[in-house]
Every structure is written in C-alpha cells, then in structure tokens.
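Take a look at the structure below.
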Amino acid sequence: MSRCHRLLGPLATPAGAALAGAALLGPTLLGPAVGSQQCNLTGWWKNDLGSKMHVYSVNSNGDFEGVYHTAVSSTENPIKPSPLHGSQHLDDDGQCTFGFTVNWKRFSDSTTVFVGQCFVDKKQEVLQTAWLLREKVDSLHDDWKATRTGHNVFVRINDKEEGKASPVVSLPT
Ligand code: BTN
C-alpha cells in the first residue's frame, strides 16, 4: 500500500513534472504538505486542552512511537512526558484513521487509548480523536467508575519551535 500522499495531475508536461517533484520532495524539504493529500502523523501536534504530542516517525507499516505531554491530569502527581505507541493507515486520500496508546506510568496508573482520523480543513491538518482513559481502581466493586471518555482535536504545530522548547529525550522504561 502506498504512503499518504498522491500526485494530483498529469505528469506529461514540464509543469506536471515540477508538480510531481514538489509532491515527492514536499514531506522532506517543504515541511508538512497540506495540499498534496498527505496525512503522515510524524511531527508535533497540539490539542484543544493544550496537550502536545511528538510523533517521532511513522514507518512503512504505519507504526509509530512518540511522546505525549498532557496539559491536564486527574492525579495530584507532577505531570511527566509519557511514551505513546500507535499505528496509522497509509491511504492515498490523506484521510487516514489511526490509533495510539499512552502509558502514563511515569506519574499515573492510568492508560489512555486514542482513535482518530486525519482531515485537511482550510489547508490545515486536523486530527479528530476520541479517547478512553482507564483509571486503576482498588477493587472490582469500583470497576463501574474506572473509565472516562472524551474527544480531542489536534492541529500540527511548528517542529522547530517545539523541538527547542522540549528536546527529545529518551524516556525511562
Ligand atoms: C491521568 O490523569 O491519570 C493521566 C493523564 C491523562 C490525560 C488525559 S488523556 C485524555 C485527555 N487528553 C489529554 O490531552 N489529556 C487528557
């Protein structure tokens, strides 16, 4: 299956060839290619709560790893960057679905799973997601209150600025 970008026109003319070149080079040299139907989750994203995530890279299978910096927590503990693991489809239409898990083990017993889909809205990549957060409870009796659900919208943010603010560090396991 091909990656999440495609060429949009005939390639027989010089203009077509230039377009093809730009489309192929776009993800590498020109930054995130909104106009070329790309939906590769690699990079920095920020959601409506102010949380940020950095997806390191998406491999040819669609699998990815990264780090999640939540802006909010249900615990009293100091928030720490948390590892995420996920998988995305690599469809040609740039509207890929994906899922990822965040393990909050560095400061919480909870686990969150996100599922979502990438869209392009007014030339901006938007990730519409829903999440389930499982909190650890003391007994089966309390199971009924252990799961929360919600919705987050992510937009892409500038890699360089975020890289300066929060350098990539290897997370303890
Ligand atoms: C916890 O409180 O136990 C760990 C942090 C959970 C943060 C949640 S995950 C869903 C929602 N979206 C965010 O960006 N942060 C919160």
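Reckoned from all heavy atoms, side chains included, excluding hydrogens, waters and symmetry mates. Every value quoted in this text rests on a predicted model; they were computed, and no experiment measured them. Throughout, numbering of the chain's residues begins at 1 and tracks the sequence.
In this structure, Val58 and Gln88 approach most closely via the heavy-atom pair CG2-OE1, 3.5 Å. Residues Cys39 and Gln95 share a closest heavy-atom pair of CB-N, 4.5 Å. Here the closest non-hydrogen pair linking Arg156 and Asn40 is NH2-O, 2.8 Å. The shortest heavy-atom contact between Thr70 and Val72 is OG1-O, 2.7 Å.
With contacts defined as side-chain heavy-atom distances shorter than 4.5 Å, the pair Ser74/Glu135 qualifies. Proximity of Phe154 to Phe114: side-chain heavy atoms (C-beta onward) are separated by under 4.5 Å at one or more points. Contact annotation: the side chain of Gln128 approaches that of His151 to within less than 4.5 Å [non-hydrogen atoms, C-beta and beyond]. Proximity of Phe64 to Thr42: side-chain heavy atoms (C-beta onward) are nowhere separated by under 4.5 Å.
Not a single donor-acceptor pair under 3.5 Å links the side chain of Asn61 to the backbone N or O of Asp63. The backbone N or O of Ala71 lies less than 3.5 Å from a partner atom in the side chain of Ser51, making a donor-acceptor pair. Remark: the backbone N or O of Pro81 is paired with a side-chain donor or acceptor of Arg106 at under 3.5 angstrom. Using a distance-only test at 3.5 Å, with no hydrogens or angles considered, no donor-acceptor pair links the side chain of Asp121 to the main chain of Gln124. A donor-acceptor distance shorter than 3.5 angstrom exists from the side chain of Ser82 to the backbone of Lys80, with no hydrogens or angles considered. Looking at Asp91, its side chain never comes within 3.5 Å of a backbone N or O of Gly94 through a donor-acceptor pair.
Transitive grouping of hydrophobic side chains (ILVMFWY, heavy atoms separated by less than 4.5 Å) brings Leu84 and Ile79 into a common cluster. When the side chains of ILVMFWY residues are joined at heavy-atom separations under 4.5 Å, either directly or via intervening members, Val102 and Trp131 end up in a single hydrophobic cluster. Tracing side-chain contacts under 4.5 Å through hydrophobic residues (I, L, V, M, F, W, Y), one never reaches Leu41 starting from Val126; they form parts of separate clusters. If you chain together hydrophobic residues whose side chains sit under 4.5 Å apart, Phe119 and Leu90 never meet in one group. Follow the hydrophobic side-chain contacts under 4.5 Å out from Phe100 and you never reach Val153; the two are in separate clusters.
For Thr97, the side chain to side chain contact (heavy atoms under 4.5 Å, CB included) test picks out His89, Gln117, with sequence neighbours left out. For the ring-ring contact (aromatic ring centres under 6.0 Å, His included) test, residues two or more places apart in sequence or in another chain that qualify with Phe107 are Trp104.
In this structure, the separation between CG on Asn47 and CD1 on Ile157 is 10.0 Å, given to the nearest 0.5 Å.
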key: Step-by-step side-chain contact (heavy atoms from CB on, under 4.5 Å) determination, Asn152 to Leu49   = CA-CA 8 Å; Asn152 282 143; Leu49 292 171; 3.6 Å; yes

task = Begin from the C-alpha positions of Glu125 and Val155 and carry the test side-chain contact (heavy atoms from CB on, under 4.5 Å) through to its verdict.
result = CA-CA 6 Å; Glu125 291 168 288; Val155 292; over 6 Å; no

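Between Asp142 and Lys136, none of the side-chain N atoms (NZ, or NE/NH1/NH2) sits under 4.0 Å from a carboxylate O, so this pair counts as no salt bridge.
A centroid separation of 6.0 Å or more is found between the aromatic rings of His69 and Trp45.
With side-chain heavy atoms closer than 4.5 Å counting as contact, directly or through intermediates, the hydrophobic cluster containing Val113 also holds Leu132.
With no hydrogens or angles considered, no side-chain donor-acceptor pair links Tyr68 and Asn103 at under 3.5 Å.
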